[in-house]
Amino acid sequence: MSGQGTATAPPDVLTGGETGRRAGPARRRRPRPPTRDSGWWALMLLLPAAAGLAVFEIWPTFQTIYYSFTSWGAFGGHAWSGLENYRTLIADSDVFHAIVNTAIITAITLLAVPLSAVVAALLSLPGMRGVTIYRTLYFLPVVTLPAAVALTWKWLFNGDYGLINWLLSKIGIDGPHWLSDPATAIFAISIVGVWGSIGYNMVIFLSGIRGIPVDYYEAAELDGAGRLAQFFHVTVPLLTPSIFFVTVITVINSLQAFDLIYLMVGQQSPAIERTETLVYLFYQRGFAEHDGGYAAAIGVLLLIATLILTAAQFRLQKRWVHYG
Amino acid sequence: MADSMQLTARRGRRRFRPRHPIAHLVLCLGAIFMVGPFLWQLSTSLQTFGESVSVPPTFLPHSPQWSNVTTVFSALPFGRELMNTTVMTIARTVGQVLFSSLAGFAFARMRFRGNAVLFAIFLSVTMVPYQVFLLPQYQIMQGLGLLNTLTALFLPGMFSAFGTFLMRQFFRQIPMEIEEAARIDGANILQIFWRIMLPMSAPGMIALGVLVIIWSWNDLLWPLVVNSDPRQMPVSAGLASLQGQYTTNFPVLMAGSLLASLPVIIVFIVFQRHLMSGIAFSGVKG
């Protein structure tokens, strides 16, 4: 497990670095911007990005917040309606479903976190061969067109001719119609979520493990810790910042799940209530039913949830994350 | 002393010998789970409809059915949609990499009033889920008369607060001494940016570029919102309409899926080193 660390940790960080730093005490530690009079140049360089973001992202954010307090007529006009949309939102069973569904999808998709930690640890074993090949194969689902992923898994989960039910029949299980059965659709979606997030988590973990000093493993080995003990007592505790990061990313991604639900389940399916998420509802209300005001309120809910999660990440990270 | 050194070195080398058979076994089982769906997609895409619904399932098609591919092209303006996706991806990628590099350089290396405040604004934009922008962006496209055009597909996606953040981090890593040396040699800001900073931050730009390529190619929600004309759709939305036409004809659906996802898979395989370092970088620092 220490092989990767050996390769990347520069030796002078621990020993030679001290003397190096002492030799040049006057050297600036942090780079400071060199020129004072670069205001005009800075403006020119910032202008395209700043103007684009102002028009397409910053102003739209405020506009969506404003729209969430309006009601939209059938022909595009909108009028101030105060908290009306939010009152509907609280009582809306679809929103309630979406939140419950998101929680279930998140909980199952989080199974990918320990799985990918194990994969990353195995790939970091000293002298491990074929790392690049494994990494490529495991990462493939992350980059693949979600629409294609959805159709492929829909075929695998097909109730009559799908590969999964055929495999299950071999061990005597009569598989359900996974995607049209309200009881199973969300599990099918979540399995695809696990499959699709292992590669991303793995890459984050691989770089996290690379940052763990080899000394820790050597010390653990001197104390007689085997590989398994090293994994649980060195790798996992020192990997908590990465574990935290991928957990929050997983929650945010589940919150925003759309493509799989749109393409694998769809509005006509009896299972849609049990699989819809906030973003799916947002699309349905805003663009299929043209109820922009209500969709905006769902968007604001999504925004608040995301901000809370991001804030929670920063807070909790400080409290129970070990930094090596 | 020298003897014991040699001894540990030799023992060390021997410790590197074991091939970790159990690790390979576990990783191979995992790889079957990860790659299996792709193999199944490939196999089905070459089967006849009859083969695809046979019990037990067909693992290898009797003879490859290339007609599934031609069916995809006749059912949809598929070539045109691939072209649309390509244009959308290139425009978004060029826009994001260019504008993010310029702004990232200014944030990383220039002293001007409001630097910190403006950067804080950029950072807060990265936390807003992009669905929040969709309604107003749709209205802007509508107002400009751009609905159902290629321009609508890529225009709002050409700017990125995240990209600016990523490029700023890359520019900050470049040692100050190099810039100071160039300044002493009489280079002005543009020359420093063009001749020194851009070449040195090329890995960062490639990493950002590959991230944007993948994100653009795979984007479904925005195209669904803004373009309903099949000839102006990207291939992601095209697959959705293919599903509408060929609900249960899985060989055709699999052929379409394979063709639509292959280009970006190739980009990934070519640039995977840059992509992974970009992800690790944004994950650790972000």
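Proteins get letters first, then strands, A, B, ... in listed order; numbering begins at 1 in each.
- Looking at V279(A), only its side chain comes within 4.5 Å of chain B, counting heavy atoms on both sides.
- When each of K170(A), E57(A), M44(A), R135(A) is checked for heavy-atom pairs under 4.5 Å with chain B, E57(A) comes out on top.
- To the nearest 0.5 angstrom, L46(A) atom CG is 4.5 Å from F112(B) atom CZ.
- Atom-to-atom distance recorded for Y138(A):OH and F33(B):CZ is 10.0 Å, nearest 0.5 angstrom.
- Using a 4.5 Å heavy-atom cutoff, the side chains of L145(A) and L239(B) are in contact.
- Using a 30° and 60° split on the angle between ring planes, F59(B) and W166(A) fall in the perpendicular class, above 60°.
- Side chains of F56(A) and L155(B) form a contact here, defined as non-hydrogen atoms less than 4.5 Å apart.
- When each of N218(B), I214(B), I22(B) is checked for heavy-atom pairs under 4.5 Å with chain A, N218(B) comes out on top.
- Heavy atoms closer than 4.5 Å to chain A are found in both the backbone and the side chain of V26(B).
- Of the atoms belonging to L137(A), heavy atoms from both backbone and side chain fall under 4.5 Å from chain B.
- Looking at Y262(A), only its side chain comes within 4.5 Å of chain B, counting heavy atoms on both sides.
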Practice item. Take L275(B) and V143(A), measure what side chain to side chain contact (heavy atoms under 4.5 Å, CB included) needs, and give me the verdict at the end. Key: CA-CA 10 Å; L275(B) 175 68; V143(A) 298; 4.1 Å; yes

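- Contact annotation for L307(A): only side-chain heavy atoms (C-beta onward) come within less than 4.5 Å of a heavy atom of chain B.
- Heavy-atom pairs under 4.5 Å with chain B peak, among P141(A), A148(A), A296(A), at A148(A).
- Contacts of W153(A) with chain B are made by side-chain atoms alone, with heavy-atom separations under 4.5 Å and no backbone atom involved.
- Annotation: maximal heavy-atom pairing with chain A below 4.5 Å, among V264(B), L224(B), V55(B), occurs at L224(B).
- The aromatic rings of Y138(B) and F287(A) sit perpendicular to each other, their planes meeting at more than 60°, with 30° as the lower class boundary.
- For F282(A), the part lying under 4.5 angstrom from a heavy atom of chain B is the side chain only.
- Heavy-atom pairs under 4.5 Å with chain B peak, among L309(A), T306(A), V246(A), at T306(A).
- L27(B) places a side-chain heavy atom less than 4.5 Å from the side chain of M128(A).
- Within a 6.0 Å radius of OH in Y66(A), other residues, nucleotides and ligands contribute more than 12 heavy atoms.
- Judged by distance alone, with hydrogens and angles left aside, the side-chain atoms of Q243(B) form a donor-acceptor pair with the main-chain N or O of L263(A) at under 3.5 Å.
- Under the 4.5 Å side-chain criterion, counting only non-hydrogen atoms from C-beta, V55(A) is not in contact with F159(B).
- For the options V128(B), I265(B), V225(B), V125(B), heavy-atom pairs under 4.5 Å to chain A are most numerous at V225(B).
- Looking only at distances, no side-chain donor or acceptor of H20(B) sits under 3.5 Å from a matching main-chain atom of L123(A).
- Taking the six-membered ring where tryptophan is involved, the planes of W40(B) and W155(A) are essentially parallel, since the angle between them stays under 30° and well short of 60°.
- Looking at L134(B), the atoms closer than 4.5 Å to chain A (heavy atoms on both sides) sit in the backbone and in the side chain alike.
- Residue A50(A) touches chain B through both its backbone and its side chain, counting heavy-atom pairs closer than 4.5 Å.
- Note that CD of Q131(B) is 5.5 Å distant from CG of L302(A), once rounded to the nearest 0.5 Å.
- For L258(B), no part lies near chain A; criterion is any non-hydrogen pair under 4.5 Å.
- Contacts of T310(A) with chain B are made by side-chain atoms alone, with heavy-atom separations under 4.5 Å and no backbone atom involved.
- Looking at heavy atoms from C-beta onward, L151(A) lies out of side-chain contact with L242(B) at the 4.5 angstrom threshold.
- Residues S52(B) and Y161(A) fail the side-chain proximity criterion, which asks for heavy atoms closer than 4.5 Å.
- Around the OH atom of Y130(B), the shell of radius 6.0 Å holds more than 12 heavy atoms that belong to other residues, nucleotides or ligands.
- For T64(A) (side chain) and V132(B) (main-chain N/O), a donor-acceptor pair under 3.5 Å exists by modelled atom type.
- Under the 3.5 Å distance criterion, the side-chain polar atoms of Y134(A) are left unmatched by any main-chain donor or acceptor of G30(B).
- Interface summary for chain A: among L221(B), L253(B), T164(B), the most heavy-atom pairs under 4.5 angstrom belong to L221(B).
- In this structure, the side chains of F139(A) and I279(B) come closer than 4.5 Å at one or more pairs of heavy atoms.
- Looking only at side-chain heavy atoms (C-beta outward), V203(A) and M276(B) come within less than 4.5 Å of each other.
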